[in-house]
Amino acid sequence: MSNQPLPSPTQDFSAWYNDIVYRADLCDQSPVRGCIIIKPYGYEIWEGIKGALDMRFKATGHVNAYFPLFIPMSYLQREAQHVEGFSPELAIVTIGGGETLAEPLVVRPTSETIIGESFAKWIQSYRDLPLLMNQWANVVRWEMRTRPFLRTAEFLWQEGHTAHATHDEAEEETLQMLDVYADVAVNVAAIPVIKGLKAESEKFAGALRTYSIEAMMGDKKALQSGTSHNLGQNFAKAFNIQYLDRSNQLQHCWTTSWGLSTRMVGAVIMAHGDEKGLRLPPKLAPHQVVIVPIYKTDDEKSGVMAAVESIKKQLVSGNIRVWVDRREDLSPGFKYNDWEMRGVPVRLEVGPKDVANNVVMAARRDMGKEGKRSLPQENLAASVSALLDEIQANLLAQATAFRDANIFDVKTYDELKQVVEAGGFARGWYAGDSSDDKRIKNDTQATHRCFPLEQPGGGGECLLTGKQAEKLALFAKAY
RNA sequence: CGGGGCGUAGCGAAGCUUGGUAUCGCGUUCGGUUUGGGACCGAGAGGUCGUGGGUUCAAAUCCCGCCGCCCCGACCA
């Protein structure tokens, strides 16, 4: 809590973000470099994301399990690209119980290897397939530079791991889970995303193909918000994940993995926040409605609080998450600003005048003071529910309009450079390879985000090489 | 690991150039008045000045070493 204004998001997005995560009470600094303490208010947002995902995982036939935090070093080494991709950022335990370990244990950066080892044991026959599993876990990646929620040395996520009989089934699973991520991003977090295929230079170490959902943040930079990998038979071969098919032939499985992390909390902040603070989509807001009681005298207080209680009860029975701000000695004005900082979608003000007229004053976080209006106390749960739906839709509409206004079609490398310089996503026909991706990154700081799955068809001249290109690619500066 | 900056009360800062025993704002505690868009008055509590050494009668201040953090790059969900 503080009474100073936030840094302007348009002038210094980075400072704005840094301030908001602490002032909205989402997290605290930790004594360990690169880690954060996720505070209850921030954790509840994650729980919202988690619940939405878990429900969808179950609905698509997946079950949860839990694998060890420690992974034998030799496991990672079994898949060459995988260990190469992760070795710079591993935390490794070499001592246990005061003794030097015979084999160092890696603190998991991801669990393909240790889960692959189990899958090999559990899968014998085509009857065991598909195997559809997920785990909720923490992972550690020793990042050079960290930012709260967006990139921390330790983060929370889910990692799905599945095994299938054929390439096509694995591909179908990979794309299905990408759809689940997009569904949660769009319909729960109100963040429009672009589903796409990662270029070779950006794919997961050890994957056949990586897909991602890419979102645009308030500073027009891209944020990879969820990834889904078709691992081919790479891990199946490294870990002997095999099954006997219907004709009694031993076959390697086709595996997938997919993950979405607490980074999504950062996406919510950066996609929706404004100069007054956080703006939470109602479906994720820990408090969908906050009630601020207003009174001067004890008489007024008892009348107001009685009304507040009955309003609260009404809303709770309508399945609305309500919080009553009972703090004494804080002015209503202070509370308005405080809850605006914390992004609560709807604020209800209840004072003596409202009690007398059987109404409440309702303010929407997605609109300014002009959005304030009086609502009858009668049927309030229904009218507030409708309001929450409107806010959810409006946040998505605003973020979508912003994103669409900042994606630009480019035909030449110069045009791409101009777009990246000015801010935004550049989209154009592209036939470059990994070294071309690298060149673009060196020249412009923009990375090849993906080949969007939605393609217009046909083809065009590659913006960089001039070769015939079959796909449009997306380039942007990214987190 | 390169380039920049910073460590002084819970938070944010001033003081350092020119050494003299620590100041301000916010928060916090107590009392009172307030409360429909960031209230006010009064009285308190709270600091090994990141750390180790050196110079000096005297160090937050000057000198040397170390540690940590932040920002900008390279690396990444």
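Just so it is clear: chains get the letters A, B, ... in the order the sequence lines come, proteins before strands, and each one is counted from 1. The figures here come from the full heavy-atom set of this structure, side chains too, leaving out hydrogens, waters and symmetry mates.
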**Request:** Once you apply the 3.5 Å cut-off to both distances, tell me the Watson-Crick or G-U wobble partner of B/C62, or none.
**Result:** B/G54
Give every pair of a protein N or O atom and an N or O atom of nucleotides 2-8 of chain B that lie under 3.5 Å apart, one pair per line with the distance.
none

**Prompt:** Using atom C1' of each nucleotide, how far apart are B/C6 and B/A14 to the nearest Å?
**Reply:** 15 Å
**Asked** Quick one: A/Tyr22 OH to B/G10 P, roughly how many Å, whole number?
**Response** 18 Å
**Request:** Starting at atom NZ of A/Lys296, determine the distance to atom P of B/U34, rounded to an integer number of angstrom.
**Result:** 11 Å
**Prompt:** Sub-3.5 Å donor-acceptor pair from the side chain of A/Glu214 to the main-chain atoms of A/Ile194, do we have one?
**Reply:** no
**Prompt:** With a 4.0 Å cut-off on heavy atoms, is A/Gly259 in touch with a base, just the backbone sugar-phosphate, or nothing at all?
**Reply:** nothing
**Prompt:** So which nucleotide does B/G10 pair with, by the Watson-Crick or G-U wobble rule with both distances under 3.5 Å?
**Reply:** B/C26
**Asked** In whole Å, what separates the C1' atom of B/G15 from that of B/G73?
**Response** 34 Å
**Request:** Answer with yes or no whether A/Glu340 presents, from its side chain, a donor or acceptor under 3.5 Å of a partner atom in the base of B/G37.
**Result:** yes
**Message:** Quick one: does any side-chain atom of A/Arg141 pair with a main-chain N or O of A/Pro109 as donor and acceptor, under 3.5 Å?
**Reply:** yes
**Message:** If I pick the C1' atom on B/C26 and the same atom on B/A45, what distance separates them, to the nearest angstrom?
**Reply:** 16 Å
**Request:** Scan A/Arg147 against the nucleic acid and name what it touches under 4.0 Å (heavy atoms): base, sugar-phosphate only, or nothing.
**Result:** nothing
**Polar side-chain contact A/Lys276-B/G37 base: donor and acceptor under 3.5 Å** = no
**Request:** Considering only atom P, compute the distance from B/U18 to B/C1 and round it to an integer number of Å.
**Result:** 34 Å
**Request:** Using atom CD of A/Glu154 as one end and atom P of B/C76 as the other, report the distance to the nearest whole Å.
**Result:** 21 Å
**Prompt:** Does A/Asp338 make a side-chain donor-acceptor contact with the base of B/G38, cut-off 3.5 Å?
**Reply:** no
**Asked** Who does B/C49 pair with, Watson-Crick or G-U, both distances under 3.5 Å?
**Response** none
**Message:** By nearest heavy atom, map A/Asn442 and A/Val360 onto RNA chain B; which one lands nearer the 5' end?
**Reply:** A/Val360
**Message:** Between B/G4 and B/C41, how many Å separate the two C1' atoms, rounded to a whole number?
**Reply:** 46 Å
**Item:** Interatomic distance, A/Asp443 CG vs B/A74 C1' [rounded to whole Å]
**Value:** 15 Å
**From A/Gln135, A/Glu117, A/His161, residue fulfilling side chain to side chain donor-acceptor pair (under 3.5 Å) relative to A/Ser111** = A/Gln135
**Request:** Under the side chain to side chain donor-acceptor pair (under 3.5 Å) rule, collect the residues that match up with A/Arg147, sequence neighbours excluded.
**Result:** A/Ser14
**Asked** Hey, does A/Thr152 reach any base, or is it just sugar-phosphate, or nothing, if we go heavy atoms under 4.0 Å?
**Response** base
**Message:** Pairing check on B/C75: which nucleotide meets the Watson-Crick or G-U wobble criteria with it, both distances under 3.5 Å?
**Reply:** none
**Asked** What is the ring orientation for A/Phe235 with A/Phe239, classed by angle as parallel under 30°, tilted 30 to 60°, or perpendicular over 60°?
**Response** parallel
**Message:** Need one value for A/Glu349: base, sugar-phosphate or nothing, where a base atom within 4.0 Å counts as base even if backbone is also close, heavy atoms only.
**Reply:** base
**Prompt:** Any salt bridge between A/Glu112 and A/Arg78, counting N to O under 4.0 Å?
**Reply:** no
**Integer-rounded Å distance: B/C70 P and A/Ile36 CD1** = 12 Å
**Message:** Please give the distance between the C1' atoms of B/C66 and B/U28 as a whole number of Å.
**Reply:** 35 Å
**Prompt:** Should A/Lys335 be listed as having a side-chain N or O under 4.0 Å from OP1 or OP2 of B/U35?
**Reply:** no
**Item:** C1' atoms of B/U29 and B/G65, separation to the nearest Å
**Value:** 42 Å
**Message:** Just to be sure I understand the rule, does A/Asp354 reach a base, reach only the sugar-phosphate, or reach nothing, if contact means heavy atoms closer than 4.0 Å?
**Reply:** base
**Message:** When the C1' atoms of B/A60 and B/U51 are compared, how many Å lie between them, rounded to an integer?
**Reply:** 14 Å
**Prompt:** If you check every side-chain atom of A/Met144, which of B/A39, B/C75, B/G37 has the closest atom?
**Reply:** B/C75
**Request:** Measure the distance from CD on A/Glu275 to P on B/G37 and round it to the nearest whole Å.
**Result:** 19 Å
**Item:** A/Glu143 side-chain proximity, nearest of B/G37, B/C69, B/C75
**Value:** B/C75
**Asked** After noting the C-alpha distance and the side-chain angles of A/Gln445 and A/Val420, does the key distance pass the side-chain contact (heavy atoms from CB on, under 4.5 Å) rule?
**Response** CA-CA 8 Å; A/Gln445 295 183 347; A/Val420 170; 5.7 Å; no
**Request:** When you get a sec, tell me which of B/G73, B/C76, B/G38 is the closest nucleotide to the side chain of A/Gln445?
**Result:** B/G73
**Fill in**
As its Watson-Crick or G-U partner within any shown strand, both distances under 3.5 Å, B/G19 has none
**Message:** Return whichever of A/Leu223 or A/Met361 has its heavy-atom-nearest nucleotide of RNA chain B closer to the 5' end.
**Reply:** A/Met361
**Asked** Touch check for A/Leu150, heavy atoms < 4.0 angstrom, all strands: base, sugar-phosphate only, or nothing?
**Response** base
**Message:** Ignoring hydrogens and geometry beyond distance, is a side-chain donor-acceptor pair present between A/Gln176 and A/Glu173 at under 3.5 Å?
**Reply:** yes
**Asked** Going through the checks in order, is the side chain to side chain donor-acceptor pair (under 3.5 Å) test met by A/Gln418 and A/Glu421?
**Response** CA-CA 5 Å; A/Gln418 283 166 24; A/Glu421 180 77 19; over 6 Å; no
**Request:** May I ask which nucleotide in the shown strands pairs with B/G37, Watson-Crick or G-U wobble, both distances under 3.5 Å?
**Result:** none
**Message:** Need one value for A/Phe155: base, sugar-phosphate or nothing, where a base atom within 4.0 Å counts as base even if backbone is also close, heavy atoms only.
**Reply:** base
**Request:** Check whether any side-chain N or O of A/His448 sits under 3.5 Å from a backbone N or O of A/Glu200 as a donor-acceptor pair, and report yes or no.
**Result:** no
